[in-house]
Q: 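The structure that follows is given in the form of structure tokens.
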Amino acid sequence: MTITQSQQANRHSWFRPFMEAFFSDLEAFDKSLHFSKAGIAKLQGSARMAQALVPFLGNEPLNLEEAEAESAWAKSETAAGFPTLHAFATITLWALLESLVRELLTTWLNREQHLLGAKIFSKIRVPLSDVLPLQGDERGEYLASIVERELGAGLKKGVARFELLLEPFGLAGSVDERTKNLIFELAQIRNNIVHRAMIVDKQLVQCCPNLNLKAGERLKLDQNLYRQYFLAVNDYLLTIIVRVGEYYELDMQETRDVLGQY
């Protein structure tokens with residue numbers, strides 16, 4: 001291996017552990033969701049179990065009403081596809097994606113110092129007194145937040161907000177149409193859960209016509225719909241991995257060929 005090749009390898013050596021840490025968090029979150037659903041499903045039989053134990057209690061009191069209420073709720077939640085759990089999961093999934101892109105941009109600016117000469121920075125007036133004392137991640141985080149504010153990325157929807165942030169630094173590109181649409185839906189669903197307490201409004205109806213929602217009804221997220229959002233986020237992450245790999249002149253064709261296939 002030549003010195004040049006070695007230097008190239010060292011340039012991108014940070015990226016694999018960076019993404020592995022994120023996927024580890026994503027996997028742990030997905031497992032927690034899985035076991036939470038399994039636990040709720042098992043509660044369906046709690047009332048019958050409590051009733052069966054009555055003869056063994058003697059004079060000891062047993063709150064059968066509580067057990068019956070738990071069982072009824074578990075049956076309802078399970079039959080509906082765990083909408084409450086999937087609502088919380090949707091919020092977390094979007095937060096993880098948002099955090100990943102911000103952390104990637106922060107690390108990218110720290111690792112690829114030449115990007116500090118990107119055109120976007122010529123348009124931003126930042127006092128040197130604010131930047132010079134900052135080191136490492138602090139500087140990257142500060143610059144990333146400045147770029148996000150300057151571009152108005154927070155006003156964009158779906159992957160558009162992330163692509164806007166990545167574009168000035170050579171990491172933007174095409175996104176599979178289905179992945180793009182599903183992440184757009186994910187963002188709209190997340191906003192409805194957070195700001196409308198899962199009550200469907202006209203904006204959500206108009207933004208997501210494929211969901212066949214009606215204004216005023218309660219939003220219900222079943223496992224199939226949530227899983228589509230989860231897979232779409234994974235596909236977008238693979239897209240970013242391909243872009244980073246190609247930036248470092250790695251052969252990413254095998255991964256690129258499976259983008260959008262889920």
Q: Do the side chains of R149 and I124 get nearer than 4.5 Å, heavy atoms only?
A: no
Q: I need the L186 CG to Y226 OH distance, nearest 0.5 Å.
A: 8.5 Å
Q: Please say whether more than 12 non-hydrogen atoms of neighbouring residues, nucleotides or ligands are located less than 6.0 Å from CD in Q203.
A: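 Counting neighbours around CD of Q203, 12 or fewer heavy atoms of other residues, nucleotides or ligands fall under 6.0 Å, so no.
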Q: Without hydrogens or angle criteria, can the side chains of D257 and Q253 be said to hold a donor-acceptor pair below 3.5 Å?
A: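 Present: a donor and an acceptor within the cut-off.
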Q: Could you check E77 against K37 for salt bridge (charged side-chain N to carboxylate O under 4.0 Å, His left out), going step by step and ending with a plain yes or no?
A: CA-CA 9 Å; E77 191 73 8; K37 288 189 285 189; over 6 Å; no
Q: Can you confirm whether the side chains of S145 and E141 place a donor and an acceptor under 3.5 Å from each other?
A: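 Judged by distance alone, the side chains do not pair up.
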Q: Would you say the side-chain atoms of N192 pair up with the backbone N or O of I199, donor to acceptor, closer than 3.5 Å?
A: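 It does hold such a pair.
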Q: Mark yes or no: R111 above the aromatic ring of F18, with NZ or CZ under 6.0 Å from the six-membered ring centre and no more than 45 degrees from the axis.
A: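 Judged by the rule (NZ or CZ under 6.0 Å from the ring centre, within 45° of its axis), R111 is not positioned above F18.
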Q: One thing to verify: whether D30 and R227 come together as a salt bridge, which I'm taking to mean a side-chain N less than 4.0 angstrom from a carboxylate O.
A: yes
Q: Should L259 and D176 count as side-chain neighbours, where that means a heavy-atom distance under 4.5 Å?
A: no
Q: Can E163 and R243 be said to form a salt bridge (charged side-chain N to carboxylate O under 4.0 Å, His left out), step by step?
A: CA-CA 12 Å; E163 293 296 293; R243 294 173 185 173; 2.8 Å; yes
Q: Please check if any side-chain donor atom of Y142 sits under 3.5 Å from a side-chain acceptor atom of T106, or the reverse.
A: no
Q: Is there side-chain contact between I193 and F88, with heavy atoms separated by less than 4.5 Å?
A: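 A side-chain contact under 4.5 Å is absent here.
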Q: State, yes or no, whether a side-chain contact exists between F82 and L33 at a heavy-atom distance under 4.5 Å.
A: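 When only atoms from C-beta onward are counted, L33 and F82 do not touch, as no gap falls below 4.5 Å.
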